[in-house]
Protein chains: 2
Amino acid sequence: MTLSEKAYLAIRRDIIQGKLAAGQPLRMADLSERYAMGFSPLREALSRLQVERLVVAEALRGFKVAPLSVQEMQDAIDTRILVESDALRLSIQHGDDDWSAAIVAALYALNLQVERSIVNVWDIEARHYAFHRALLAACQSPWRLEFFERLYATTERYRIPILIAAGTPSPSRRDIQAEHSAIADAVLAHDAETAVRLLAEHYTRTAMTISARMATVAA
Amino acid sequence: MTLSEKAYLAIRRDIIQGKLAAGQPLRMADLSERYAMGFSPLREALSRLQVERLVVAEALRGFKVAPLSVQEMQDAIDTRILVESDALRLSIQHGDDDWSAAIVAALYALNLQVERSIVNVWDIEARHYAFHRALLAACQSPWRLEFFERLYATTERYRIPILIAAGTPSPSRRDIQAEHSAIADAVLAHDAETAVRLLAEHYTRTAMTISARMATVAA
DNA sequence: AATTTCATAATTTTCGAAAATATATATTGC
DNA sequence: GCAATATATATTTTCGAAAATTATGAAATT
């Protein structure tokens, strides 16, 4: 793997995980020290992240981490519902037994990790992504999957603080595991309408939780 | 504007216009001579285009122009219909008088250029883009607009040979101007269902035309 | 006191060469 | 002759420094 690729993955991860804070300027000298490489691979990575909207660039003034806003979050989740509802219908239509089995496996692995420790947010997060990806895997549409990935990464930045807060004493009022199971059940039963409705509700709840949290934090 | 930005726009244009052929390897030395700049800005541009799927990269084997395929074209147009139908509904819902006026202006300017000369494909193309962009401009969803732009660029690559062929004696059996007018009429009348239906038909016809053409060229 | 001007410093952007890797060609052994 | 190996060439990737630009702060001016 090239340094450019490593830089891309590392910076992407650090932005999504909030280690590089929203709005923070990304100075070449700092990045060069932090990731132990020269400017060239770093700038290539930042160029890619700019297209993904995780990074904002201004000519001759360098790069900064893209800011967060309730508006963007709401837009991203609305668009996710649009794209993923359609992709899920297609996936249910085209999916074979391997696809179904992969969903069962992904959900099982996710639940294992959730019960094991709420502390290790990143292992849970990876499996959460894998579950949602598995649902859409059979949609046969590279472009819809591309947009799913783009929006998943965008919204992940907003969900992280909530996941971390979930590790604190205050228990979430949502039973996310039950939501995931219900979605999986509907999908495996090839009940597209129910599956799409539950998925949309799942995301709408997430949007409301994030929105409420951002309002309190900002106040 | 930085060289990196210029390189991005120039290479993007040349790929969409087919001056850089599908599948063609993009050697740094060649590009450096062609665009009269060093490797750094070129690689940054290629990194961005890679995310946009106009360029394909393989580690340590460089970049090449993304290949074309009927499958990708069909997927891109299907996804366009999904995203743009929704964006158009939102746009009709939120659009004000300025938005309506901008659509009328864009359509008028497009028709002027079409009647003026079918030869100058790129001026027509710029106005064609502007018209479709104007329809969605009021949707209030940066992400949907982002995806529109991404898919527009992708499908433009496929439409170009057809536009160029339209300049030859054989006249198109489609009346594209009438299709555009009908869409604009429905949009301006705030008849969302008709507008969405006509837009989808517009794109479906385009997909069929391209598909037929690609089949004959391949044969 | 506020604004402008100018020099200095910090930073981004770009280049040209070096390092790393892949591809092509020649050579050897069977 | 053909496969395997070694050598040479071509190409990508990366670095470190130079060039270009912006930001900072002090001095001068209104």
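Values below: all heavy atoms of this structure, side chains included; hydrogens, waters and symmetry mates excluded. So that the names make sense, note that chain A is the first sequence line, chain B the second, and so on, each numbered from 1. No experiment lies behind these values; they were computed from the predicted model shown.
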| query | Relative to each other, are the rings of A:His128 and A:His132 parallel, tilted or perpendicular (30° and 60° limits)? | reply |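 The rings of A:His128 and A:His132 stand perpendicular, inter-plane angle above 60°.
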| request: Please work out if B:Glu5 contacts a base, only the sugar-phosphate, or nothing of the nucleic acid, heavy-atom cut-off 4.0 Å. | output: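 Nothing, no heavy atom under 4.0 Å.
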| Heavy atoms under 4.0 Å, any strand shown: does B:Phe39 hit a base, just sugar-phosphate, or nothing? | base
| request: Identify which nucleotide among D:dT21, C:dG16, C:dT12 has an atom closest to any side-chain atom of A:Leu60, counting heavy atoms from C-beta outward. | output: D:dT21
| note | Ranking C:dC15, D:dT14, C:dT14 by distance to the side chain of A:Glu44, first place goes to D:dT14
| query | Reckon B:Arg43 has a side-chain N or O less than 4.0 Å from the OP1 or OP2 of C:dT14? | reply | no
| message | Please tell me if A:Arg61 has a side-chain N or O lying less than 4.0 Å from either OP1 or OP2 of D:dA23. | response | yes
| request: For the residue pair A:Tyr203 and A:Arg80, confirm or rule out a side-chain donor-acceptor distance under 3.5 Å. | output: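 Looking only at side-chain atoms, A:Arg80 and A:Tyr203 do form a donor-acceptor pair, the distance falling under 3.5 Å.
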| query | Between B:Tyr35 and B:Asp30, do the side chains contain an N or O donor and an N or O acceptor separated by less than 3.5 Å? | reply |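 B:Asp30 and B:Tyr35 do not have a side-chain donor-acceptor pair below 3.5 Å.
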| message | From NZ of A:Lys64 over to P of C:dT11, roughly how many Å is that when rounded to an integer? | response | 17 Å
| Please give, in whole Å, the distance from D:dT14 P to A:Met1 CE? |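 The distance from CE of A:Met1 to P of D:dT14 comes to 11 Å, rounded to the nearest Å.
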| Between A:Gln74 and A:Tyr158, is a side chain to side chain donor-acceptor pair (under 3.5 Å) present by the stated rule, with each step listed? | CA-CA 10 Å; A:Gln74 191 64 59; A:Tyr158 292 90; over 6 Å; no
| Along DNA chain D (nearest heavy atom to each residue), the more 5'-positioned of B:Ser40 and B:Gly62 | B:Gly62
